[in-house]
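Counting convention: from 1, in listed order, for ligands and their atoms alike.
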Amino acid sequence: MKVAVVGAGAMGSLFGGLLAEQGHAVTLIDVNAAHLDAIRAQGLRLQTGSGDRYVTALGACRPPEAREPPDLLVVFTKTLHTAGALSGVAHLLGPGTQVLSLQNGLGNVEAIRQHVALDRILIGVTTWPADLAGPGHVRSHGQGIVRLMSADGQLRPKQAEAVRALQEAGLCCTADTAVWSAIWEKVAFNAALNGICAVSGCTVDQLGGVADGQALAFAVADEVMSVAHAQGIEANAEACKARIADAIAHHVGHKPSMLQDVLAGRKTEVEAIHGAVVAAAAVHGVPVPHTRTLLQLVRLVEARAGTAAA
Ligand code: NAD
């Protein structure tokens, strides 16, 4: 399969590297010059449970330099860069190109739909963790899964091929008709933990320091689940809260990406997570006071960082 990954940071490089190791023709497309230079000079350093190695059989380039339309385009930018990234690779979207998003948050199908029809979009979630240890160097420790489905609910042969490729690359990938439940449960998990950690500065385990921490996380998750239910999505609030409690108990020292972004003075994915939930809640008349407050607070923190940088 010809695969292009646009947004080849931590997750995009992990997925692209694992697919390249299976013999697929992979091109990593990014705007981070230092990362691209390092990959071109020495290959992609992949540190996973399967070992520490360099993957050299892949391409790395900036968006205008990519030429061949792939069979599969994987979008792995942060959600706030999706629209810009897709415009940058619009010339690669051939008639047979399938587009996959496993990004966090809501609104990913809508963004991709500006460029390709619904029946060529694959949407899902992944629980694989990854971080960029330095230019050209990705680390991923632990286990994860991928659940995905065609955005119109009907998996076609070319899309089933993509599922098989991800599965064979060791990514534990399954096609799943309940993908929207998984997406909303992940949004609830992220809205709770990312949002609270971003505004409090707490690591995930520190939310267990006072009873209010977990109670607040549960309140946010319950609100998001109520919005999902109002949309007719059968998301499981209890399972989601169990995952939140487990994270608070075990993710010692973990700074969620939203906290990392705030600490680095970068814009966060708050609009695709809390912002999208608040907008959907308004449509259905569901009260989401905690989620709205977190949205407002993260926006304030982002604005302060913007002012400081200016
Ligand atoms: P990242 O910041 O490491 O990577 C994003 C990459 O996109 C960067 O390398 C950046 O240079 C690139 N980019 C930005 N604008 C671009 C453009 N216009 N064209 C091409 N490339 C562009 O982010 P990540 O941690 O890999 O996360 C990607 C997505 O996956 C997010 O939605 C995140 O929430 C989700 N996710 C992350 C993890 C994780 O453990 N890191 C796990 C599950 C889901």
Linking I/L/V/M/F/W/Y whenever any side-chain heavy atoms sit under 4.5 Å apart, do Leu193 and Val210 land together?
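No, it is not one cluster - the side chains of Leu193 and Val210 are not joined through contacts under 4.5 Å.
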
So which bit of Asn190 gets within less than 4.0 Å of ligand 1, heavy atoms only: side chain, backbone, both or neither?
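Neither; nothing of Asn190 gets under 4.0 Å from ligand 1.
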
Taking 4.0 Å as the limit for heavy-atom contacts, which would you say applies to Lys186 with ligand 1: side chain only, backbone only, both, or neither?
side chain

Which protein non-hydrogen atom lies closest to [atom], naming both residue and atom, and how far is it?
atom	value
atom 16 (C) of ligand 1	Val31 CG2, 3.7 Å
atom 8 (C) of ligand 1	Asp30 OD2, 3.5 Å
atom 36 (N) of ligand 1	Asn104 ND2, 3.6 Å
atom 5 (C) of ligand 1	Phe76 O, 3.6 Å
atom 18 (N) of ligand 1	Ala85 CA, 3.5 Å
atom 29 (C) of ligand 1	Thr77 O, 3.6 Å
atom 31 (C) of ligand 1	Glu269 OE2, 3.3 Å
atom 4 (O) of ligand 1	Gly9 CA, 3.3 Å

Hey, is [X] one of the residues with a heavy atom under 4.0 angstrom from ligand 1?
X	result
Ser257	no
Ala130	yes
Leu132	no

Run the numbers for me: atoms of ligand 1, each under 4.0 Å from some heavy atom of [X], listed by number.
X	value
Pro129	40 (O)
Trp128	40 (O), 42 (C), 43 (C)
Thr126	43 (C)

Val288, Val227, Val224 screened by side chain to side chain contact (heavy atoms under 4.5 Å, CB included) with Val278, the one that passes:
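Of all the options given, the one that passes is Val288.
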
Any side-chain heavy atom of Asp71 within less than 4.5 Å of one from Gln98?
no

Any luck finding a side-chain donor-acceptor pair between Asp176 and Thr174 under 3.5 Å?
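Note: Asp176 and Thr174 side chains miss the donor-acceptor criterion.
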
Pair Arg147-Thr127, side-chain donor/acceptor within less than 3.5 Å:
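Their side chains do not contain a donor-acceptor pair, so the 3.5 Å distance test is not met.
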
Does [atom1] belonging to [X] count more than 12 external heavy atoms closer than 6.0 Å?
X	atom1	answer
Lys158	NZ	yes
Gln167	CD	yes
Arg113	CZ	no

I'd like to know whether Thr79 forms a side-chain hydrogen bond (donor to acceptor under 3.5 Å, both in side chains) with Gln103, so could you lay out the CA-CA distance, the side-chain angles of the two residues, the decisive distance to 0.1 Å, and finally the verdict.
CA-CA 7 Å; Thr79 50; Gln103 297 158 285; over 6 Å; no

Could Lys267 and Glu302 be called an ion pair, given the rule that one side-chain N must be under 4.0 Å from one carboxylate O?
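Looking at Glu302 together with Lys267, the answer is yes, because their closest N to O distance falls below 4.0 Å.
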
